[in-house]
Amino acid sequence: MVVLYIGGSGSGKSGAAENCICKLAQGKSKYYIATMRSNEEDEESIKRIERHRFLRRDKGFITIEKPTSVEEAVKEMDLKEKHVLLECVSNLTANEMFFGNEIREKKETVERVLNAVKALKDNTDNLVIVTNNVFEDGNSYDSYTISYLDALGEINREISKMADEIYECVAGIEIKIK
Amino acid sequence: MKLVIGGYSQGKIEFAKEKFELAEDCIFDAALPTKEEIEKIGDRKFAIDNLNKWIRKRIKEGGRAEEEIISFVKKNPSCIIICDEIGNGIVPADPFERVYRERTGRMLIDIAKEADEVWRVICGIGQKIK
């Protein structure tokens with residue numbers, strides 16, 4: 001089963017997705033694929049990672065850090081049953097698109113992310129995916145950011161076709177949209 | 001308590017005025033009313049509009065916006081809170097804007113937990129989501 005959670009900043013999407021995979025795993029261990037890059041010089045990102053770790057403590061997650069190429073996480077999964085939470089597609093897309101001083105084309109970025117998600121889907125029992133609604137601030141952005149927005153929009157639409165259920169999180173409330 | 005959320009300029013206040021029969025003098029813009037102001041309203045309904053602007057102000061002032069708003073809604077269980085949804089965009093480059101956005105989102109989760117009704121307004125139309 002594939003379940004997709006989408007929401008904005010501080011919408012409660014991570015907590016909702018964690019509860020979802022916990023239910024699907026029925027008390028068994030789960031894998032958490034973390035895509036956020038931990039940068040020792042960036043205090044904010046460290047705090048964010050710590051906050052997420054704290055919130056999912058005692059929930060039985062095995063964390064696998066994969067800022068890119070998340071399909072490789074499968075190789076690190078020894079458990080017979082694979083219940084997986086992928087957090088999150090918006091970070092993953094940014095990591096695949098922007099690395100060092102290089103920028104990958106939109107088309108290639110979309111393919112890489114979608115192939116990785118498909119590989120996870122094919123090799124797991126349950127896959128819960130978190131993505132971000134970054135599309136409604138009405139600001140104008142530089143061409144790189146627009147390229148990122150286009151890529152993530154397309155990725156979200158394609159993942160939504162793969163998903164059995166989709167929930168939008170608004171102020172911590174889950175709204176079923178598929 | 002009722003929470004009304006939605007994007008900028010989606011008709012939240014117009015929706016709330018009609019839905020909850022709010023009088024003009026019972027709407028407080030980006031401010032929590034004082035005890036005296038609440039007494040003046042009597043048993044009529046009142047609303048706080050643009051809560052996000054109040055949150056921004058309190059964060060700038062170094063206030064404890066989270067504790068203040070939760071204690072306010074607990075003390076005033078019949079109030080109506082109206083707030084912009086601001087989290088659905090690209091992560092802002094400015095650190096203050098990031099903090100404001102994240103804290104506003106988390107406060108809305110807490111307020112929604114306390115609320116007996118949550119309405120989401122898009123294109124002037126309110127959908128009850130709780």
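Here is how names work: the chains are called A, B, and so on, in the same order as the sequence lines, proteins then strands, and each is numbered from 1. The analysis underlying the following values was restricted to heavy atoms, covering all of them including side chains, and did not include hydrogens, waters or symmetry mates.
- Counting heavy-atom pairs closer than 4.5 Å to chain B, the top-ranked of the candidates Gly8(A), Gly138(A), Ala171(A) is Ala171(A).
- Of the two parts of Glu44(A), only the side chain, counted from C-beta on, holds a non-hydrogen atom closer than 4.5 Å to a non-hydrogen atom of chain B.
- Here Ser90(A) contributes atom OG and Leu152(A) contributes atom CG; the two are 6.0 Å apart, rounded to the nearest 0.5 Å.
- For Ile129(B), the parts sitting under 4.5 Å from any heavy atom of chain A are the backbone and the side chain alike.
- With a 4.5 angstrom heavy-atom cutoff, Glu85(B) touches chain A only via side-chain atoms.
- Checked against Phe15(B) for a side chain to side chain contact (heavy atoms under 4.5 Å, CB included), the options Lys19(B), Glu18(B), Lys12(B) give a single hit: Lys19(B).
- In summary, of the residues considered (Glu67(B), Glu61(B), Glu66(B), Glu68(B)), a salt bridge (charged side-chain N to carboxylate O under 4.0 Å, His left out) with Arg64(B) occurs for Glu67(B) alone.
- Salt-bridge check for Arg120(B) with Glu168(A): passed, with a basic side-chain N closer than 4.0 Å to an acidic carboxylate O.
- Salt bridge annotation for Glu43(A)-Lys47(A): present, with a cationic side-chain nitrogen under 4.0 angstrom from a carboxylate oxygen.
- Evaluation of the salt bridge (charged side-chain N to carboxylate O under 4.0 Å, His left out) rule for Glu24(B) yields Lys17(B) as partners, not counting sequence neighbours.
- Comparing Cys83(B), Gly105(B), Pro95(B) by heavy-atom pairs within less than 4.5 Å of chain A, the highest count is held by Gly105(B).
- Using a 4.5 Å cut-off between heavy atoms, Val118(B) touches chain A through its side chain atoms alone.
- Options Lys130(B), Lys113(B), Glu102(B) differ in how many heavy-atom pairs under 4.5 Å they form with chain A, and the most are formed by Glu102(B).
- Interface remark: Arg98(B) contributes side-chain atoms only to the contact with chain A (heavy atom separation under 4.5 Å).
- Across Leu149(A), Val134(A), Asp137(A), the residue that shares the most heavy-atom pairs under 4.5 angstrom with chain B is Val134(A).
- A salt bridge does not link Asp25(B) to Lys40(B): none of the charged nitrogens lies less than 4.0 Å from a carboxylate oxygen.
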